[in-house]
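This report refers to the structure that appears directly beneath it.
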Amino acid sequence: MSNLITLPGLIDCHVHFREPGFEHKATMKSEAASARAGGVLTACEMPNTSPPCVTVNALRQKIAIADTITDCDIHFFFGITEASHMEEFQTAWNDEGLRRRLCGVKLYLDHSTGNQKVDGGIVEDIFKRCSELGAPLVAHCEDAEINAEAAKMFAKQTDVSLHSLMRPSASEATAIEYAINLAKKHGTPFHIAHLSTAQGIDLVRTAKAEGVTVTCEVAPHHLFLSIHDYDRLGPLGKMNPPLRPLDDVEALWKGIEDGTVDCIATDHAPHTLEEKTSPKNPLDAPSGVPGVETMLPLLLTKLSPDQIKMLCYENPNRIFSLNAPSEPRITIDLDEEWVIHARDLHSKCDWTPYEGMTVRGRVVTIT
Ligand code: DOR
Ligand code: ZN
């Protein structure tokens, strides 16, 4: 028996495909194949590549590679760490050809993989300029000072679960509050990346009720994993923002139910297994987990196809003006249950934090 449904090709509005610069971790070709196998036919890629995507030239270089990829339509975020990058972004945004492949600006309010923390002195100007340009501004919301203080408290420790205390909930909440205030003041189309805490959800819910132009995404790893998975995952469970307690996980699901959460996006961040597991101190392992191929089957265990269509197609398509086709392009057999094994997945990194989990729904055809 089969129980087939169709959906438009899904959109993952937050991925790291690593190219150029980190092809040993992943390439656009390898990760586009992984995306496609998971029903994701449009992806928005982040700027922490090498060279970083903070100049028109670097953007052109990425677009040239993406033009050779057929499995997935790849769009790009533009990073800003210093004032000159804003000028570069403006040039790119005003170029019709480049704009079609540009999703907006990505700001890191604290360092993460790639060390792209923005100069704090220019953040407000970026909110103002993005508002004037009508360009979406996405932020990784963690507070650098709070994280630095917390990290000091756990210096020289080696228990990887401490990562969640070294980047505490209060850090995310403080950064979200700060950024929402700037969006409110300047009317910026502002989107919060990988929101992971109950406080964060509450802040967005309140801001939306006040009419602030804010949207947010949550990542599957913050929905399906928690601090209780560190024992099983070790350094494979390390990402930024980190895994959270179950109260936070529950609040994210509530945020999905009541429409506070606009998108589910994977923050697909492949690192090699060697990079993740070889550091003597697991707290030195790089942060990030793959997820683009497992998002849909995980979500089908909890959400209806209509909810998934809203969170992984309609909302990201509108927020980032992606013009992704609305016709049904993927057929899914809802009755098929299967067990996730990294050996069956296509990402170059060859591991998954969801190893052994039973999921639902197999993508059977893609047109
Ligand atoms: O866990 C993460 N990994 N968080 C980020 O902010 C960056 C990402 C990466 O690029 O590895
Ligand atoms: Zn990311």
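Start at 1 and go down the list; that is how both ligands and their atoms are numbered.
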Between Asp267 and ligand 1, find which residue part has any heavy-atom pair under 4.0 Å and reply side chain, backbone, both or neither. side chain
Should Lys348 and Lys25 count as side-chain neighbours, where that means a heavy-atom distance under 4.5 Å? no
Between His16 and ligand 1, which part of the residue brings a heavy atom under 4.0 Å of the ligand: side chain, backbone, both or neither? side chain
What atoms of ligand 1 come closer than 4.0 angstrom to any heavy atom of His140? 6 (O)
Closest approach of any protein heavy atom to atom 1 (O) of ligand 1, naming residue and atom: Asn240 N, 2.9 Å
One finds that the ligand 1 atoms under 4.0 Å from a non-hydrogen atom of Asn48 are 9 (C), 10 (O)
Here the atoms of ligand 1 under 4.0 Å from any heavy atom belonging to Ser112 are 4 (N), 5 (C), 6 (O), 7 (C)
Compute the minimum heavy-atom distance from His271 to ligand 1 and say whether it is under 4.0 Å. yes
N, O or S from His140 under 2.8 Å to the Zn ion (ligand 2): no
Heavy-atom distance under 4.5 Å between the side chains of Val218 and Ile256, does that happen here? yes
Check for me whether Lys238 has a heavy atom closer than 4.0 Å to any atom of ligand 1. no
Can an N or O of His194 be found at a distance shorter than 3.5 Å from an N or O of ligand 1? no
For the side chain of Thr272 and the backbone of Glu275, is there at least one donor-acceptor N/O pair under 3.5 Å apart? yes
So, His194 and the Zn ion (ligand 2): N/O/S under 2.8 Å, yes or no? no
Closest to atom 3 (N) of ligand 1 among protein heavy atoms sits Ser287 O, 3.1 Å
Donor-acceptor side-chain pairing of Asn48 and His16 below 3.5 angstrom: yes
Would you say the side chains of His346 and Glu31 form a donor-acceptor pair under 3.5 Å? no
Quick one: are the ring centres of His140 and Tyr108 less than 6.0 Å apart? yes
Will you find, in the side chains of Asp258 and Thr260, an N or O donor that is under 3.5 Å from an N or O acceptor? yes
Could you pull out the atom name of the N/O/S atom in His14 that is nearest the Zn ion (ligand 2)? NE2
Just heavy atoms, cut-off under 4.0 Å: does Arg18 contact ligand 1 by side chain, backbone, both, or neither? side chain
Polar atom proximity, Ala269 to ligand 1 (N or O, under 3.5 Å): no
Residue pair Met357, Val339: steps toward the side-chain contact (heavy atoms from CB on, under 4.5 Å) verdict: CA-CA 5 Å; Met357 284 173 68; Val339 178; over 6 Å; no
If we number the atoms of ligand 1 from 1 as shown, the ones under 4.0 Å from a heavy atom of Met239 are 1 (O)
Could you check whether any side-chain heavy atom of Arg362 comes within less than 4.5 Å of a side-chain heavy atom of Pro297, counting everything from C-beta outward? no
Side-chain donor-acceptor contact under 3.5 Å, Ser34 with Ser347: no
What N, O or S atom of Asp267 is found closest to the Zn ion (ligand 2)? OD1
For Pro270, does its backbone N or O pair with a side-chain atom of Arg18 as donor and acceptor, under 3.5 Å? yes
Thr113 versus ligand 1: do any nitrogen or oxygen atoms come within less than 3.5 Å of each other? yes
